[in-house]
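Encoded as structure tokens, the structure appears first; notes follow it.
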Amino acid sequence: MTETLPPRTSDLPAKWNPGEVEGGMYQRWVERGYFEADPSSDRPPYCIAIPPPNVTGSLHLGHAMDHTLIDILTRRRRMQGYDTLWLPGMDHAGIATQSVVERRLADAGEPTRRELGREEFVRRVWEWKAESGGAILGQMKRLGDGVDWSRERFTLDEGLSRAVQTVFKRMFDDGLIYRAERLVNWSPALQSAISDIEVDHKEVEGELVSMRYGDGDAEIVVATTRVETMLGDTGVAVHPDDERYAHLVGRTVRMPITGRDIPVVADPYVDPEFGSGAVKITPAHDPNDFEMGRRHGLPMPTIMDESGRITGTGTRFDGMDRFAAREAVREELRAQGRIVAEKRPYVHSVGHDSRTGVVIEPRLSLQWFVRVEALAKAAGDAVRNGDTTIHPADMSARFFDWVDNMHDWCISRQLWWGHRIPVWYGPDGETVCVGPDEEPPTGEGWARDEDVLDTWFSSGLWPFSTLGWPDKTEDLERYYPTSALVTGYDILFFWVVRMMMFGTYAMGATPFRHVYLHGLIRDEHGRKMSKSKGNVIDPLELIDAYGADALRFTIARGSNPGTDMSLSDEWVAASRNFTTKLWNATRFAIANGADAAAGLPATESLTDADRWILGRLHQVRQQTDALLEDFQFAKATEGLFHFTWDELCDWYIELAKPQLADPASTTAANTRAVLGHVLDALLRLLHPIVPFVTEALWTGLTGGESVVVAAWPTDAGLAADPAATERVLAVQRLITEVRRFRTEQGLPDRRSVAAKLGGLEAAGLAGHERAVRFLTRLDEPGDDFAPTATVEIGNTHVEIDTSGAIDVAAERARLGRDLAAAQKELDAAEKKLGNPKFTEKAPANVVDGIRARREAAAADIARVTARLEALPSS
RNA sequence: GGGCGCGUAGCUCAGCGGGAGAGCACUCGGCUUACACCCGAGCGGUCGCAGGUUCGAACCCUGCCGCGCCCA
């Protein structure tokens with residue numbers, strides 16, 4: 001009896017309560033140092049740097065996706081014996097953080113940023129950073145992130161600031177960073193320059209106004225969507241070959257309103273087919289006009305201030321907002337009879353500040369730039385020559401398109417929160433760039449540049465600055481280049497490309513061997529989540545409701561490379577159900593003495609079911625490995641889900657029940673060993689995806705210290721047994737058909753039904769009768785056995801005593817459906833085989849397969865037809 | 001305007017040259033000692049449309065329609 005069972009019994013609670021357990025479990029993992037890297041170890045290194053979240057935000061589902069996928073990769077490597085480092089940290093998010101703190105000051109009725117002064121304001125931001133950053137760290141712990149907390153970094157910490165200054169100085173000296181007066185994307189909302197990729201071009205309905213400059217024989221018509229810019233016009237351009245205007249080139253026309261005389265120039269940029277064929281030139285407020293202005297040496301007056309108000313034109317429009325001025329100037333021109341035509345609405349593309357949504361105003365100003373040509377080429381080469389592989393490969397096209405056509409990068413921002421540009425200007429026009437170990441110039445008239453660097457400048461150094469660069473640290477030596485980068489495709493240009501540019505420049509090597517770009521998480525209908533739509537889901541709420549494992553499993557299961565995924569409460573609930581299923585199955589196994597330490601019995605002593613499940617485990621393990629190596633998270637997860645639920649739980653555990661019925665038997669002992677072995681391996685395979693529930697179950701099953709540091713399953717040396725598998729599949733078909741018959745005859749599961757099984761011996765299934773009876777609830781026939789129906793499956797049949805008349809109509813319907821299906825199959829097969837071209841050209845194995853299907857279908861038809869004819873007429 | 005991608009069961013998505021699949025939803029039956037967050041059985045699809053290639057096309061090619069993303 002029970003004394004033959006192993007003494008250990010399950011102390012797992014009946015129900016898995018993630019909320020009660022996860023926190024303490026995570027704490028123990030950290031305390032035991034499982035997540036800490038050890039550069040002195042002789043194990044191979046594996047390193048991933050976290051995509052640093054904005055310190056001022058909070059983690060959303062996109063982060064949860066990053067973190068889940070990185071955790072899967074790093075937990076697996078750790079189990080495989082790698083010295084694994086997942087390095088955590090945050091970036092300072094210059095604009096976002098400064099904006100938040102300014103708003104908080106305003107909300108609290110405190111002095112403004114300018115009233116506080118730079119030093120005091122920055123001190124306040126650090127206070128906010130401590131508060132906001134702490135919340136993010138808590139979120140990461142809830143998710144179960146296996147990060148090395150001892151190596152946490154922040155883009156504005158001392159070491160990383162030193163890295164920024166070092167790179168800046170080196171690039172400045174190399175001529176890769178320069179300062180120039182250029183037309184930049186100016187955000188009147190942020191009152192700062194922003195880079196090209198922080199601008200979104202959107203189609204808007206505006207107006208196209210044609211107006212007449214000059215008078216008499218020196219008159220010319222130009223069109224614009226921004227009438228107010230005419231206040232800054234310093235020229236009119238026509239195409240050199242345009243005979244209509246040849247007589248005007250070289251002359252001047254008199255501007256309305258300002259009364260300035262501006263030259264008419266010839267420039268091949270002008271499209272003579274568009275509009276009147278003449279364009280106005282506002283060099284300080286339009287990129288194309290700026291280039292033309294330069295070519296023709298035109299003056300470049302700035303007519304707007306930093307917040308987008310007209311200034312310095314000496315007209316009554318000074319002080320007016322640019323959009324108000326647009327109307328006012330237009331009406332003034334109309335009053336003067338200068339409007340020739342108006343097109344409204346006129347749909348055209350307008351740049352918007354991607355953060356605030358306000359319309360960008362091109363603005364002439366003195367800014368710092370990175371000369372990107374050589375850097376971008378090096379980044380492109382890293383992918384071209386295979387040092388870095390982009391997954392999925394389709395994304396490489398976008399990558400190349402970008403790096404091959406990159407413009408210089410504006411890196412200065414008119415903010416206070418960030419890395420201040422390490423350049424001092426002297427009283428006599430000197431410019432001195434100061435390295436980290438150098439003293440800045442002092443004395444009368446010297447002043448430091450007021451601006452800070454784009455946050456992406458510092459996060460671009462992340463893969464090596466976090467490892468200690470510019471010092472030659474042990475970590476840097478060991479973990480750079482990092483093994484992989486996992487992030488969303490939406491920041492390929494913002495971040496990934498920049499890291500590759502800086503990495504190849506500063507380190508001489510691309511920062512990561514693999515880049516996995518995942519998609520975005522959308523709502524249940526595939527819509528983007530946004531506050532305005534009100535469809536944002538907070539990952540913490542999902543974790544509270546269903547546990548971290550359920551959220552992680554959902555994300556892993558939905559993460560197909562390069563495509564977005566939909567997520568809703570229901571998906572996560574389904575994943576929670578999976579963890580519950582796993583919990584119950586393992587508890588059942590432990591309660592029945594599953595023994596992971598027993599070692600696998602000799603194959604000869606195992607049942608077909610044992611051999612089948614072990615063979616499937618072997619396949620699933622191989623498949624999981626191959627898929628995870630290839631960043632195919634969804635397929636790997638789906639495969640484990642299917643194996644766990646549809647094979648292990650639905651079939652093996654059910655088949656194991658009769659095998660366990662006599663605990664003293666060898667069969668039962670073997671079954672306990674197989675159950676233990678399979679679950680031990682399965683829990684380890686699942687651990688990277690669902691770390692918490694597998695930890696509870698694996699330690700409960702094996703008594704081991706922690707699955708976090710357990711060995712990743714490897715080949716157990718099992719030979720596949722196709723014959724056993726074939727028999728198990730035949731048993732499954734047999735059972736399913738009997739169940740189908742029972743259901744359609746309305747025979748309740750509890751109702752005792754006697755039956756006689758036939759043909760099992762001939763089909764090689766003699767040993768499975770007990771299992772079939774157990775899973776179909778068929779009793780042994782008694783003395784009064786009087787079969788009323790027969791179910792045939794292949795060469796086996798089951799005579800069933802339904803104790804009374806059967807439902808002939810239901811049976812006729814059931815058989816009728818079977819007949820129709822078989823007939824359809826037969827027709828399809830015969831059609832193919834009747835085509836001589838098919839039999840000639842198709843591969844032999846395909847033709848043989850179709851022939852076999854034809855035979856099977858024909859046999860089915862004969863059997864079912866006979867059965868139908870034998871039915872009593874109703 | 002240029003480039004990329006997607007249209008497969010009610011919903012979300014796999015499959016990408018030889019028997020149309022999964023999860024959720026739905027219908028019917030069941031609290032059968034692992035699990036009702038469950039079990040069993042089922043219903044559900046001219047694989048966007050039209051041509052072409054092929055013995056054979058959801059899958060390859062062309063065009064069209066619809067949707068999305070990136071870049072200008």
Side-chain angles (χ1 to χ4, degrees), chain A residues 10 12 14-16 196-197 199-201 349 351 392 394-402 405 407 489-490 492-493 519-520 522-528 546-547 550 554 557-558 560 562-592 594 632 634-635 638-639 641-642 645-646 649-650 653-654 656-657 735-751 774-777 814 817 824-825 828-829 831-843 845-847 849-850 852-853 856-857:
Chain A
S10 166
L12 294 173
K15 213 169 165 355
W16 166 238
D196 292 347
I197 50 176
V199 177
D200 290 337
H201 294 270
S349 183
D394 316 353
M395 286 287 177
S396 305
R398 265 191 207 184
F399 171 85
F400 288 127
D401 187 54
W402 176 259
N405 300 291
H407 299 299
Y489 63 71
D490 53 327
L492 178 62
F493 308 141
L520 276 34
R522 295 169 176 276
D523 76 2
E524 61 198 302
H525 297 298
R527 296 172 309 184
K528 214 167 180 170
Y546 303 110
T554 307
R557 197 177 180 191
N560 279 301
T563 54
D564 295 348
M565 71 167 291
S566 289
L567 186 142
S568 78
D569 208 75
E570 286 176 2
W571 302 170
V572 185
S575 297
R576 183 273 318 271
N577 295 352
F578 173 76
T579 62
T580 306
K581 188 73 178 175
L582 189 64
W583 181 266
N584 287 319
T586 308
R587 248 173 37 93
F588 167 83
I590 293 173
N592 283 277
Q632 304 265 9
K635 290 186 180 66
E638 188 65 28
F641 174 88
H642 172 70
W645 203 310
D646 303 335
C649 291
D650 282 356
I653 287 182
E654 294 306 320
K657 284 174 182 173
I735 290 169
T736 300
E737 283 304 314
V738 174
R739 284 171 171 168
R740 189 173 160 225
F741 172 82
R742 288 191 60 130
T743 294
E744 298 191 359
Q745 284 299 313
L747 297 170
D749 291 346
R750 299 198 81 169
R751 169 132 166 240
F774 177 74
L775 293 177
T776 53
R777 294 172 190 280
R814 181 177 78 90
R817 278 197 300 276
K824 190 178 169 192
E825 173 79 358
K831 190 181 169 197
K832 285 198 173 188
L833 292 168
N835 179 354
K837 287 182 177 170
F838 172 71
T839 47
E840 278 165 28
K841 296 199 175 182
N845 63 323
V846 172
V847 177
I850 300 289
R853 284 168 55 192

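Throughout, protein chains are lettered first and strands after them, A, B, ... in sequence-line order, and every chain is numbered starting at 1.
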Given Watson-Crick and G-U pairs under 3.5 Å, RNA chain B in dot-bracket ([ ] crossing, | other strand) is ((((((((.[[[[.)..(..]]]].(((((.......))))).....[[[[[..)....]]]]]))))))).
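The distance from atom CD1 of A:I735 to atom CZ of A:R777, rounded to the nearest 0.5 Å, is 12.0 Å. Rounding to the nearest 0.5 Å gives a distance of 4.5 Å between CG of A:L12 and CD1 of A:I590. Here CZ of A:F578 is found 8.0 Å from CH2 of A:W645. Values are rounded to the nearest 0.5 Å.
Nearest nucleotide to the A:N584 side chain, out of B:rG18, B:rC37, B:rA34: B:rA34. When distances run from any side-chain atom of A:I653 to the nucleotides B:rG42, B:rA34, B:rA22, the shortest one goes to B:rA34. With B:rU12, B:rA34, B:rA22 as the choices, the nucleotide that has an atom nearest any side-chain atom of A:C649 turns out to be B:rA34.
As a whole-Å value, the separation of A:F399 CZ from B:rG5 C1' is 20 Å. Distance NE2 (A:H642) to P (B:rG23): 9 Å, rounded to an integer number of Å. At whole-Å resolution of the value, CG in A:N560 and C1' in B:rA22 are 12 Å apart.
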Atom pairs under 3.5 Å: protein N/O with N/O of nucleotides 24-28 of chain B:
| residue | atom | partner | partner atom | Å |
| --- | --- | --- | --- | --- |
| B:rC24 | O2' | A:E570 | OE1 | 3.3 |

Under 3.5 Å, which protein N or O atoms sit close to an N or O of nucleotides 67-72 of chain B? Give each pair with its distance.
| residue | atom | partner | partner atom | Å |
| --- | --- | --- | --- | --- |
| B:rC69 | O2' | A:R398 | NH2 | 3.4 |

Pairwise N/O distances under 3.5 Å, protein to nucleotides 54-56 of chain B:
| residue | atom | partner | partner atom | Å |
| --- | --- | --- | --- | --- |
| B:rC55 | OP1 | A:K841 | NZ | 2.1 |
| B:rC55 | O2' | A:N835 | ND2 | 2.7 |

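Residue A:S566 places none of its side-chain N or O atoms closer than 4.0 Å to OP1 or OP2 of B:rC11. Between A:K657 and B:rU32 there is no side-chain polar atom (N or O) within less than 4.0 angstrom of OP1 or OP2.
Residue pairs meeting the side chain to side chain donor-acceptor pair (under 3.5 Å) criterion with at least one partner in residues 571-584 of chain A, sequence neighbours excluded, are A:T554-A:S575.
Applying the side-chain hydrogen bond (donor to acceptor under 3.5 Å, both in side chains) criterion to A:R742, with sequence neighbours excluded, gives no partner residue. Not a single side-chain contact (heavy atoms from CB on, under 4.5 Å) links A:D394 to another residue, sequence neighbours left out. A:A857 is linked by a side-chain contact (heavy atoms from CB on, under 4.5 Å) to A:E825, A:L826, counting only residues two or more places apart in sequence or in another chain. Residues passing the side-chain hydrogen bond (donor to acceptor under 3.5 Å, both in side chains) test with A:D646, sequence neighbours excluded: A:H642. With sequence neighbours excluded, the residues forming a side-chain contact (heavy atoms from CB on, under 4.5 Å) with A:A634 are A:N560, listed by chain and number. The side-chain contact (heavy atoms from CB on, under 4.5 Å) check on A:E737 picks up A:R740, A:V791, A:I793, A:R814, with sequence neighbours excluded. For A:E654, the side-chain hydrogen bond (donor to acceptor under 3.5 Å, both in side chains) test picks out A:K657, with sequence neighbours left out.
Using a 4.0 Å heavy-atom cutoff across all strands shown, A:E825 reaches at least one base atom of the nucleic acid. Across all strands shown, A:D394 has no heavy atoms under 4.0 Å from either base or sugar-phosphate atoms. Looking at heavy-atom distances under 4.0 Å, A:T579 makes no contact with the nucleic acid at all. Residue A:R777 is in base contact, counting any heavy-atom pair closer than 4.0 Å across all strands shown. Within 4.0 Å of A:D490, counting heavy atoms only, lies no atom of the nucleic acid at all. Counting any heavy atom pair closer than 4.0 Å across all strands shown, A:T736 reaches sugar-phosphate atoms only and no base atom. Nucleic acid contact for A:R576: base, since at least one base atom lies under 4.0 Å from a heavy atom of the residue.
In the interface, the side chain of A:R739 is not paired with the base of B:rG40 through any donor and acceptor atom under 3.5 Å apart. One donor-acceptor pair, N or O on each side, does fall under 3.5 Å between the base of B:rA34 and the side chain of A:E654.
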